[in-house]
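First the proteins, then the strands, lettered A, B, ... as listed; each starts at 1.
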Number of protein chains: 2
Amino acid sequence: MSEAQVTAVTREHAGEHADEHEAYCAVEHQLGVLLRRARAFSAEMGREVHPELEPGAYSLLIRIDEVVPARSSDLTEYFGVGKATISRQLKVLEELGLIEREPDPADGRAHLLVLTGEGRQRLAGARSARQERFRAMLGTWDLGDVELLARMLGRFNTLTDSWTEPGRERGRA
Amino acid sequence: MSEAQVTAVTREHAGEHADEHEAYCAVEHQLGVLLRRARAFSAEMGREVHPELEPGAYSLLIRIDEVVPARSSDLTEYFGVGKATISRQLKVLEELGLIEREPDPADGRAHLLVLTGEGRQRLAGARSARQERFRAMLGTWDLGDVELLARMLGRFNTLTDSWTEPGRERGRA
DNA sequence: GATTTATGGTTGCCCAAGGCAACTAGATGG
DNA sequence: CCATCTAGTTGCCTTGGGCAACCATAAATC
């Protein structure tokens, strides 16, 4: 059993009361650090992947590849950012020839997003390069812990997609 | 035992081989989403805390409070961002009367950072407001899982502080 | 002790990500 | 036909942050 789990299980049988506050505190703290480093981190990743592929582009491509055919609004919802941002980034991706935007036959306002061959190729390259970086970082971890981290992040993310809808454009109230 | 742990432990006894790739992939994916949402998240937090206290300021104050007396370079190292950024943000905090910068008696170049009474007060307010938000989000989780999330994030963060030193100013090579 | 080099911080200039608002164009419903 | 709604685009703004140049002090070397 991995380091993290042992500690967790131990604590679970201890005082579940005063610990709560401390636990929120700890999450808040670690998340604070992570988010502060977010940019540097993304940049670090992005740079090694492909200079032409800017940091933000990558996750966008991933998503477009995952859900075909994607629509702009899907992406805004998924990432919890405004459609303006997505629109601009898509424009760049299109100019780089990584995606194509064909008009949605079912809805004249919308566009369907697909990766071009070039896009798919670059994505594959970027993906493996990134995964290499992740392996380099997480390689010393227990496999279970890596999976655990992914799962915890995933669960946290689902929390945030609830409150991502209201307010400040995005879901547009 | 919490949901997350059960799954992890189960998998740990399954195929530890092909899973590795998948695990890195998953971390990468979830982290991508999280980082994309980072801004919105911080903003959301910051706004409710105190309008006068901008999002980024909070974590800075926390750190300054934690390690007294703090020096600018401590903060740059801790957050993994350049000293320029920190310097600017400190200036704002000083103007808001939340911190004071007194010259370091031991080193004429450096400044020692301390929270003012006002700063300490605002920080306390902000802190509890934020924790309230975290409770609202994580409240449905098992206590063990909250602690686990904090721990996993913490471990991940320690990974990144290794590679935060080289390159792009920060550690200045 | 004077000169070089290193270090802590500040500032100017730039970029990227994102929000908001105003707008266009197609869709829907009266 | 007109009103309203919705998908995207674009202009303008703010934040966070990097880089480089710079200043002042410290250390090191001669």
Side-chain angles (χ1 to χ4, degrees), chain A residues 32 35-44 46-47 53-60 69-77 79-95 101-113 164 166-173, chain B residues 32 35-47 51 53-60 69-77 79-95 101-113 164 166-173:
Chain A
L35 296 192
R36 272 250 164 192
R37 292 179 179 171
R39 255 173 235 239
F41 181 79
S42 309
E44 169 79 3
R47 200 166 328 103
L53 212 57
E54 27 197 304
Y58 177 74
S59 50
L60 223 42
R71 265 169 40 260
S72 220
S73 46
D74 296 337
L75 297 174
T76 69
E77 192 185 346
F79 289 115
V81 302
K83 49 186 183 172
T85 304
I86 297 292
S87 170
R88 277 186 281 261
Q89 291 181 344
L90 289 178
K91 189 169 62 175
V92 175
L93 291 185
E94 194 180 25
E95 282 162 1
R101 281 189 285 191
E102 23 182 278
D104 185 343
D107 184 339
R109 300 164 296 179
H111 303 270
L112 298 181
L113 308 165
T164 218
R168 269 173 339 301
E169 193 180 0
R170 288 210 291 275
R172 200 96 189 205
Chain B
L35 296 191
R36 272 251 164 192
R37 291 179 178 172
R39 254 174 235 237
F41 181 78
S42 309
E44 170 79 2
M45 282 289 156
R47 200 166 327 104
L53 213 59
E54 24 194 310
Y58 177 75
S59 52
L60 222 43
R71 264 167 42 258
S72 221
S73 46
D74 296 336
L75 297 174
T76 68
E77 191 185 346
F79 289 115
V81 302
K83 50 188 181 172
T85 304
I86 296 291
S87 169
R88 276 185 282 260
Q89 292 181 344
L90 289 178
K91 189 170 61 175
V92 175
L93 291 184
E94 194 179 25
E95 282 162 2
R101 283 189 284 191
E102 24 182 276
D104 184 342
D107 184 339
R109 300 165 297 180
H111 303 270
L112 298 180
L113 308 165
T164 217
R168 269 175 335 303
E169 193 182 358
R170 291 209 291 275
R172 200 102 191 201

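- Contact annotation: S73(A) does not reach the phosphate of dT6(D) (side-chain N/O to OP1 or OP2, under 4.0 Å).
- In this structure, of dG9(C), dA21(C), dT11(C), it is dA21(C) that holds the atom nearest to the side chain of A84(A).
- The NZ atom of K83(A) sits 12.5 Å away from the CZ atom of R71(A) when rounded to the nearest 0.5 Å.
- Candidate nucleotides dT25(D), dG19(C), dG16(D) were compared by shortest atom distance to the side chain of R109(B), and dT25(D) ranks first.
- Each of P105(A) and T85(A) has a nearest nucleotide on DNA chain C; the 5'-most of these lies closest to T85(A).
- The distance from atom CG of L75(A) to atom P of dT9(D) is 11 Å, rounded to the nearest whole Å.
- Residue S72(A) holds its OG atom at 8.0 Å from NE2 of H111(A), rounded to the nearest 0.5 Å.
- Residues S59(A) and R36(B) share a closest heavy-atom pair of OG-NE, 3.1 Å.
- The separation between L90(A) atom CG and dT10(D) atom C1' is 14 Å, rounded to whole Å.
- L112(B) has its CG atom 13 Å from the C1' atom of dG9(C), to the nearest Å.
- Listed pair Q89(B) / dT15(D) fails the phosphate criterion, with no side-chain N or O lying under 4.0 Å from OP1 or OP2.
- Which of dG18(C), dA7(D), dG9(C) sits closest to the side chain of R88(A) comes down to dG18(C).
- When the side-chain nitrogen and oxygen atoms of S87(A) are compared with OP1 and OP2 of dT10(D), none of them lie within a distance under 4.0 Å.
- Residue K91(A) places at least one side-chain N or O closer than 4.0 Å to OP1 or OP2 of dT10(D).
- Following rounding to the nearest Å, L113(A) (CG) and dT9(D) (C1') show an atom-to-atom distance of 14 Å.
- Of all non-hydrogen atoms in R101(B) and K91(B), the two that sit nearest each other are NH2-CA, 3.5 Å.
- Following rounding to the nearest Å, L60(A) (CG) and dA16(C) (P) show an atom-to-atom distance of 16 Å.
- Within 4.0 Å of S72(A), counting heavy atoms only, lie sugar-phosphate atoms of the nucleic acid but no base atom.
- Overall bending of the helix from dG1(C)-dC30(D) to dG30(C)-dC1(D), expressed as the angle between end axes built from five pairs apiece, is 10° (10° steps).
- With rounding to the nearest 0.5 Å, the separation of CG in L75(A) from CG in L113(A) is 6.0 Å.
- With the nearest nucleotide of DNA chain D identified for both R71(A) and L35(A), R71(A) has the one nearer the 5' end.
- Look at NE2 on H111(B): it is 11 Å from C1' on dC23(D), rounded to the nearest Å.
- Note that CG of L60(B) and CD1 of I86(B) are 5.0 Å apart. Values are rounded to the nearest 0.5 Å.
- Considering every non-hydrogen atom in both P105(A) and L112(A), the closest pair reads CD-CD1, 3.9 Å.
- In this structure, CZ of R101(A) is placed 9 Å from C1' of dG8(D), rounded to the nearest angstrom.
- Counting non-hydrogen atoms under 4.0 angstrom, D107(A) reaches the backbone sugars and phosphates but no base.
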